[in-house]
Amino acid sequence: MKKVAYYKGCLASLSAKELDTSTRALAPMVGYELVELESVTCCGAGDIHEAEPDYYLHLNARILAYAAAEGVDTLMTVCNVCTLNLRQANHQLLNDAALRERVNDNLERVGAPRYETDVDCVHFLWLVAGESFAQLQEVAHKGLRGLKIAPFYGCQILRPSKLMGFDDPDKPDSLERVIKACGGDPIDYPAKIKCCGFPIIQAREDTALGELIQPIEQAKEAGADAIVTPCPLCHLSLDAWQSKLKKQTGKDFQMPILHLSQLIGVAAGLSDAELRFKRHVVSVQPVLEKLAL
Amino acid sequence: MESDPDFLGPAALAKGFRFVGDARDGGKIERLERYSEEHGIWDCTRCYFCNERCPKGVDPRDAIAKLGAEAMKAGIDRDMGAKHAKWFVTSAKTTGWLRETELVPKTQGVVKAIKEIKFAMSLLPKGKVPPPFPPHVAADVNESRALYDLVKTQGRDGAAGIVQGERALMHLAHEGESVDGPSHPYDDPRSFVRPYLPDDDPETSDQASPRL
């Protein structure tokens, strides 16, 4: 069992608690002991990076410092946006000794640990599609019985690839490999690497919905039973805003949206209390019926 | 972008920052006002396709973030996108975590938020509208509050805190560099002619005089 620091981020603590419970249940099954970080804050979601860049850097350095203080070399995330924000800050700190010294001095002045030992920030997808892929194959024994699953990557787990670097940004295949390992049938469609519109869904709803409809409509046309995503922000917009798409376009997609940990969780036989599908806006029942669960 | 053909786009916005970031340009505030309107800075979805595609490593998304940071620094924050960004800062320095439910009225204003109540009510039974009370407060949140106050005294507000164009810099070759240490770039035979600068030492004026 490998010990990793677990940064769950805002959404898995609040509106996407089902992501947290399914991740916690699944992680030990694929070889990870999660050490939850109590004192950490929001990564800023790209918003603090834009509004107060220096504060953003310090907040993320503080998260990295608390992870390092646990004596682990890996900080695991379950959100695309957290992954990018933490990796971006980490990249700056690891490549600029003077900057790191200044940030560390500031952390020390407010009573936080200094960020001395390097940690690598990785998304849960990269672990299960990478070093623990063999465990994943074993764990997913119940299988998805050929269920047609549309992988939706979202943006910030692929791009900018110089900071992310796990998948080919144009032809990613980690989600497809995970779907296959779970006994599902991955559907291919162009919008799987595009934007879900979430970052501007409140400030520019019409534009955001114009982005959001693309993956849902394409996945539906390709015959998908469900979409799976590694990002809770993509999950929230794909799931909760489908009713707005219906209102705007008259199209009622009823496309179930699964978190990555739920997809694997179903194949691994996690309990209802861990998967918590009742927290979804679009019913997952048709998928469960197909699997006769 | 497909769903907003009028979006100024990464190329124009990155070019815009070339002027906003140039101290010789007198139109900084007007430019930031213009770029903060509809179809500007706050329409960017942060999809990072522009950084991925740019053949010159300009990293336009980071230039757009710099424009946002400079606009906020100049107090140009009327746009809902700017208000959205500000609420994350407020959240981090009060509870540490995003105050998710309050984000809607803080971004859109109370009047528009009230129109969204029906939508919010449809999400409520699914736990997608977490109650703001009691707030979800991070342990040791006093540290993140103190960090905010501390970094605000260090003069790195605005674009200064954002790294842009790293890929372009990374690709710069320094083949003319001496192994004993870096020489002056003008010593490189391939360099432009060195200009005469007023504070050049007259003793070494031979080196300072233009190569003709």
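Naming convention: chains lettered A, B, ... in sequence-line order (proteins, then strands); numbering from 1 in each chain.
Between chain B and the residues D47(A), L107(A), L99(A), V110(A), the most heavy-atom pairs under 4.5 angstrom are made by D47(A). Per-residue counts of heavy-atom pairs under 4.5 Å with chain A were compared for G68(B), C47(B), A138(B); the largest is that of C47(B). For the set K83(B), K112(B), E116(B), the entry with the most heavy-atom pairs within less than 4.5 Å of chain A is E116(B). Considering only heavy-atom pairs separated by less than 4.5 Å from chain A, the leading option among A146(B), G158(B), S144(B) is S144(B). Put simply, of L67(B), V89(B), T107(B), T95(B), the one with the most heavy-atom pairs under 4.5 Å next to chain A is V89(B). Between chain B and the residues G46(A), S39(A), G210(A), the most heavy-atom pairs under 4.5 angstrom are made by S39(A). For chain B, the option among L209(A), L11(A), I201(A), L37(A) with the highest count of heavy-atom pairs below 4.5 Å is L11(A). Interface check for chain A: of the options E70(B), E100(B), Q108(B), the most heavy-atom pairs under 4.5 Å are formed by E100(B). Among Q88(A), K278(A), K247(A), R102(A), the residue making the largest number of heavy-atom pairs under 4.5 Å with chain B is R102(A). Per-residue counts of heavy-atom pairs under 4.5 Å with chain B were compared for C43(A), G197(A), P169(A), A208(A); the largest is that of P169(A).
With hydrogens and angles ignored, the 3.5 Å screen pairs a side-chain donor or acceptor of S3(B) with a backbone N or O of T207(A). Of the possible donor and acceptor atoms, none in the side chain of Y55(A) sits under 3.5 Å from a partner among the backbone N and O of D149(B). Without hydrogens or angle criteria, K128(B) side chain to S15(A) main chain gives a donor-acceptor distance under 3.5 Å. With hydrogens and angles ignored, the 3.5 Å screen pairs no side-chain donor or acceptor of E50(A) with any backbone N or O of A85(B). Not one N or O on the side chain of Q156(A) forms a donor-acceptor pair closer than 3.5 Å with the backbone of Y48(B).
Within residues 230-241 of chain A, the residues having any heavy atom closer than 4.5 Å to a heavy atom of chain B are L236(A), D239(A), A240(A), W241(A), listed by residue number.
Of the two parts of F49(B), the backbone and the side chain both hold a non-hydrogen atom closer than 4.5 Å to a non-hydrogen atom of chain A. Y66(A) touches chain B through its side chain: at least one heavy atom from C-beta onward sits under 4.5 Å away, while N, CA, C and O do not. Of the two parts of D96(A), neither the backbone nor the side chain holds a non-hydrogen atom closer than 4.5 Å to a non-hydrogen atom of chain B. Only the side chain of I200(A) comes within contact range of chain B, with heavy atoms under 4.5 Å apart. Neither the backbone nor the side chain of K66(B) comes within contact range of chain A; no heavy atoms are under 4.5 Å apart. Contacts of D77(B) with chain A are absent, with no heavy-atom separation under 4.5 Å from either backbone or side chain. Contacts between V40(A) and chain B at a heavy-atom distance below 4.5 Å involve backbone atoms as well as side-chain atoms. Contacts of F119(B) with chain A are made by side-chain atoms alone, with heavy-atom separations under 4.5 Å and no backbone atom involved. Contacts between L103(B) and chain A at a heavy-atom distance below 4.5 Å involve backbone atoms as well as side-chain atoms. With a threshold of 4.5 angstrom between heavy atoms, I193(A) approaches chain B through its backbone and through its side chain. When heavy atoms are compared at a cutoff of 4.5 Å, H136(B) approaches chain A solely by way of its side chain, counted from C-beta outward. If you measure heavy-atom distances from N142(B) to chain A, you find no contacts under 4.5 Å at all.
Just one of D6(B), D4(B), D43(B) meets the salt bridge (charged side-chain N to carboxylate O under 4.0 Å, His left out) condition when paired with R204(A); it is D43(B).
Look at K162(A) and D59(B) and you find a salt bridge, because one of the NZ, NE, NH1 or NH2 atoms lies within 4.0 Å of a carboxylate O, short of that distance. Ion pairing between a basic and an acidic side chain is recognised when a charged N comes within 4.0 Å of a carboxylate O; K126(B) and E18(A) show no such pairing.
Taking each heavy atom of G127(B) and R279(A) in turn, the nearest pair found is O-NH2, 3.3 Å. Here the closest non-hydrogen pair linking G111(A) and E143(B) is O-OE2, 3.3 Å. When all heavy atoms of F88(B) and A45(A) are compared, the closest pair comes out as CE2-CB, 3.4 Å.
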Residue pair E2(B), K194(A): steps toward the salt bridge (charged side-chain N to carboxylate O under 4.0 Å, His left out) verdict: CA-CA 11 Å; E2(B) 279 163 275; K194(A) 285 196 66 185; 2.2 Å; yes
Pair K73(B)-E52(A), salt bridge (charged side-chain N to carboxylate O under 4.0 Å, His left out): steps then yes or no: CA-CA 8 Å; K73(B) 185 181 172 186; E52(A) 299 279 359; over 6 Å; no
Derivation of the salt bridge (charged side-chain N to carboxylate O under 4.0 Å, His left out) call for R62(A) and D140(B): CA-CA 11 Å; R62(A) 186 171 167 274; D140(B) 302 313; 5.2 Å; no
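Two residues are said to be in side-chain contact when any heavy atoms from C-beta on lie closer than 4.5 Å; D157(B) and D54(A) fail this criterion. When side chains are defined from C-beta on, L14(A) does not count as touching T101(B), because their heavy atoms never get closer than 4.5 Å. Under the 4.5 Å side-chain criterion, counting only non-hydrogen atoms from C-beta, E205(A) is not in contact with M80(B). Contact annotation: the side chain of L59(A) never approaches that of K93(B) to less than 4.5 Å [non-hydrogen atoms, C-beta and beyond].
C10(A) contributes atom SG, which lies 12.0 Å from atom CZ of R99(B) (distance to the nearest 0.5 angstrom). Between S13(A) atom OG and L98(B) atom CG the span is 10.0 Å, to the nearest 0.5 Å. Going from atom CD1 of I48(A) over to atom OH of Y148(B) covers 10.0 Å, rounded to the nearest 0.5 Å. One finds the OG1 atom of T45(B) at 6.0 Å from the CD atom of E211(A) (value rounded to the nearest 0.5 Å).
Among residues two or more places apart in sequence or in another chain, the side chain to side chain contact (heavy atoms under 4.5 Å, CB included) test is passed with R109(A) by N106(A), L150(B), Q154(B).
For S161(A) and E52(B), the side-chain atoms include at least one donor-acceptor pair closer than 3.5 Å.
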